[in-house]
Amino acid sequence: TQLLEQSPQFLSIQEGENLTVYCNSSSVFSSLQWYRQEPGEGPVLLVTVVTGGEVKKLKRLTFQFGDARKDSSLHITAAQPGDTGLYLCAGAPGNYGQNFVFGPGTRLSVLP
Amino acid sequence: NAGVTQTPKFQVLKTGQSMTLQCAQDMNHEYMSWYRQDPGMGLRLIHYSVGAGITDQGEVPNGYNVSRSTTEDFPLRLLSAAPSQTSVYFCASRRTGALGEKLFFGSGTQLSVL
């Protein structure tokens with residue numbers, strides 16, 4: 001049973017377009033993280049959102065944490081081919097004894 | 001800055017063979033973990049360790065063994081490989097504390113069991 005769902009599963013867009021991907025759960029998380037994974041590599045942390053309603057920006061990427069801390073979104077403005085990759089959201093544990101829970105990911109392809 | 005180092009990068013096994021996936025980190029993190037990644041399934045936790053001498057099972061532990069004799073190393077053993085274990089395996093260490101929780105991943109091992 002997936003505790004975290006991500007949509008869409010696949011997304012192919014042209015360079016310069018905007019896009020939003022979503023991460024949803026029925027569970028409340030103390031924080032949510034977004035990772036990007038490139039082919040042949042491990043995931044790399046992009047951002048952590050902690051407070052309900054929080055918005056964080058990382059250059060052209062905007063991350064939002066839902067008010068109820070059950071969902072998050074990632075918006076990319078003017079996508080570039082370098083944004084191509086697998087975007088994973090992860091529910092972070094509330095304490096040291098708990099483990100991260102990962103969603104299945106959104107595979108993004110940005111065509112030049 | 002080596003971070004998390006995994007070996008080998010690729011491996012092909014026959015059903016029933018055994019092997020060990022190596023993982024080492026140089027960040028002095030107490031917590032280390034192994035994940036497998038399958039299409040559409042995300043990363044699923046196999047085993048984890050909160051420090052030397054301490055290991056515990058994750059979501060999908062069957063068919064895998066681990067040990068943690070040092071802070072740096074956390075090998076994953078397949079005692080009798082099965083085709084269902086064909087996957088990409090990632091080792092990760094975890095930073096905790098004032099800088100916030102963060103997982104650092106190795107570059108993965110692509111394993112095929114025939």
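The sequence lines fix the lettering, A, B, ..., with proteins before strands; numbering per chain opens at 1.
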Indicate, with yes or no, if B:L111 and B:F74 share a hydrophobic cluster defined by side-chain heavy-atom contacts under 4.5 Å among Ile, Leu, Val, Met, Phe, Trp and Tyr.
-> yes
Where on A:Q37 is there a heavy atom nearer than 4.5 Å to chain B: the side chain, the backbone, both, or neither?
-> side chain
Residue among B:K9, B:Q37, B:R44 with most heavy-atom pairs under 4.5 Å to chain A = B:Q37
Of all the heavy-atom pairs spanning A:E41 and B:S107, show the shortest one and how long it is.
-> OE1-CB, 3.7 Å
Do you see a donor-acceptor pair shorter than 3.5 Å between the side chains of B:E101 and A:Q33?
-> no
Heavy-atom side-chain contact between A:L88 and B:L43 under 4.5 Å | yes
Does A:Y35 share a hydrophobic cluster with B:V4, counting links as ILVMFWY side-chain heavy atoms below 4.5 Å and allowing steps through other members?
-> no
Closest approach of A:P104 and B:G40, non-hydrogen atoms and distance?
-> CB-O, 3.5 Å
Taking atom types as modelled, find out whether B:Y31 and A:N99 have a side-chain donor-acceptor pair closer than 3.5 angstrom.
-> yes
Can you check whether B:F104 reaches A:L45 side chain to side chain, under 4.5 Å on heavy atoms?
-> no
Indicate yes or no: at least one non-hydrogen side-chain atom of B:K102 is less than 4.5 angstrom from one of A:V44.
-> no
Kindly work out whether a path of hydrophobic side-chain contacts (I/L/V/M/F/W/Y, heavy atoms less than 4.5 Å apart) joins A:V21 to A:L46.
-> yes
For B:F105 and A:G42, which heavy atoms make the closest approach, and how far apart are they?
-> CB-CA, 4.0 Å
Please state whether the side chain, the backbone, both or neither of B:Q6 comes within less than 4.5 Å of a heavy atom of chain A.
-> neither
Is it possible for you to say whether A:L58 and A:V55 belong to one hydrophobic cluster, with membership spreading through side-chain heavy-atom contacts below 4.5 Å?
-> no
Point-to-point distance, once rounded to the nearest 0.5 Å, from CZ of A:F102 to OH of B:Y35 = 5.0 Å
Are B:M19 and B:F90 grouped together when hydrophobic residues (ILVMFWY) are joined by side-chain heavy atoms under 4.5 angstrom apart?
-> no
